[in-house]
Each structure stands twice: as structure tokens, then as C-alpha cells.
**Student:** 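Before we start, here is the structure in question, set down as C-alpha cells.
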Amino acid sequence: MAVNGNNIIIGTMSGNTFTALAAVKSHDITTQAETIEKASSFQQQWREFIAGRKEWSVNVSYLVLQDANSNIEDLLKVGTTYTIRIKGRTGSYKLSGSAICTQCKQSYQIGNLSVGNFAFKGTGELGNS
């Protein structure tokens, strides 16, 4: 059975308090590993690789709420390190790690809903919590 995006919640931790990012309409979670080429005396024509270091990131798109003053202050959150938690609505499959807010973008168009985007870059391990 496929997972509905509404069942995955991304938020920040402050002490023991989890705060979901408000009005999230979509989010992307990316993990990747670098590859390191290795030399081989047996293989001259084809490259061989080993797995290197890992990294992760989270991008969150959200609706800008009516309290525009509070939402505009989101633009000042870049450069701040947060403890990010990714969990199911039922509390299952929790992951967490520290991440730096690297970007906050907000778009305002007359006649359309205003939207924003946060980009977080993991610093250290994304692991089970």
C-alpha cells in the first residue's frame, strides 16, 4: 500500500517538544552517497567504485498563512541549525538529525495563494530516533 504524503510529518525539536512545520503542502527528503573511484590492477577498461560519505537534505514547501508578519520573519531563519524529525502521523518510522536552514524562499502573486520553501542541509547523521 502506498503512503499518503499527508501521513509524513516534518518538524523541529526543541528539547522534548516536537513542532511540525505549519501549512506544509509538500516535502522532499533526499539521501545520497558519494562514490570514490578505486584503482584496480585487474580492470583496466572499466572504472570501479566504492561507497563514500553520505549526506541528506530536506526541502519543504508551505502555504504562507494570514499572519504575514510572522511568515516574513521566516526569511531570517537561514543559517540556523535545527534538529529535524521526520515521522509518520502514527509515530512510526522516526528519523532525526541536525540540519542547517540554507534557504527560505517566499512567493507572492496577486490572485494566488502565497507559498514558501525551506531548504535544510543535514549536518551529521540522519538516524533512527
**Student:** If we ignore hydrogens and angles and just use 3.5 Å, is the side chain of Thr102 paired with the main-chain N or O of Ala119 as donor and acceptor?
**Tutor:** yes
**Student:** Nearest 0.5 Å, what's the NZ-SG distance between Lys77 and Cys101?
**Tutor:** 8.0 Å
**Student:** Do you reckon Leu95 sits in the same ILVMFWY cluster as Ile29, going by side-chain contacts under 4.5 Å, direct or chained?
**Tutor:** yes
**Student:** Any Lys/Arg nitrogen of Lys54 or Glu125 sitting under 4.0 Å from an Asp/Glu carboxylate oxygen of the other?
**Tutor:** no
**Student:** Check Ala99 against Ile84 and note the closest heavy-atom contact, atom names and distance.
**Tutor:** CB-CG1, 3.7 Å
**Student:** Which distance, rounded to the nearest 0.5 Å, do you find between the CZ of Phe49 and the CD of Glu37?
**Tutor:** 5.0 Å
**Student:** Taking all non-hydrogen atoms of both residues, which atom of Trp56 and which atom of Ser98 are closest, and how far apart?
**Tutor:** CZ2-O, 3.2 Å
**Student:** Run Ile86 and Val58 through side chain to side chain contact (heavy atoms under 4.5 Å, CB included) and show every step you take.
**Tutor:** CA-CA 10 Å; Ile86 304 161; Val58 173; 4.2 Å; yes
**Student:** For a quick test of reading the model, state the closest non-hydrogen atom pair linking Tyr108 to Ser114 and the distance between them.
**Tutor:** CD2-OG, 3.2 Å
**Student:** With the threshold set at 4.0 Å, does a side-chain nitrogen-carboxylate oxygen contact exist between Arg53 and Glu34?
**Tutor:** no
**Student:** Going from OG1 on Thr81 to CZ on Phe120, what distance comes out if it is rounded to the nearest 0.5 angstrom?
**Tutor:** 10.5 Å
**Student:** Val64 and Gly116: which non-hydrogen atoms are nearest, and at how many Å?
**Tutor:** CG2-N, 4.0 Å
**Student:** Locate the shortest heavy-atom distance separating Ile50 from Lys38; write the atom from each residue and the value.
**Tutor:** CG2-CD, 3.8 Å
**Student:** In terms of heavy-atom contacts, does CD of Gln109 have more than 12 from other residues, nucleotides or ligands at under 6.0 Å?
**Tutor:** no
**Student:** Report yes or no: do Leu75 and Ile100 belong to one cluster of Ile/Leu/Val/Met/Phe/Trp/Tyr joined by side chain heavy-atom distances under 4.5 Å?
**Tutor:** no
**Student:** If you look at every heavy atom in Ser61 and Asn117, which pair is closest and at what distance?
**Tutor:** OG-ND2, 3.4 Å
**Student:** How many angstroms lie between NZ in Lys121 and OG in Ser57, if you round to the nearest 0.5 Å?
**Tutor:** 6.5 Å
**Student:** Decide yes or no on side chain to side chain contact (heavy atoms under 4.5 Å, CB included) for Lys94 and Arg85, but give the supporting numbers first.
**Tutor:** CA-CA 7 Å; Lys94 295 178 195 166; Arg85 178 170 278 181; 4.2 Å; yes
**Student:** Using 30° and 60° as the class boundaries, would you call the ring planes of Tyr62 and Phe118 parallel, tilted or perpendicular?
**Tutor:** parallel
**Student:** Kindly determine whether Glu55 and Thr31 satisfy side chain to side chain contact (heavy atoms under 4.5 Å, CB included), including the steps that lead there.
**Tutor:** CA-CA 6 Å; Glu55 66 180 286; Thr31 58; over 6 Å; no
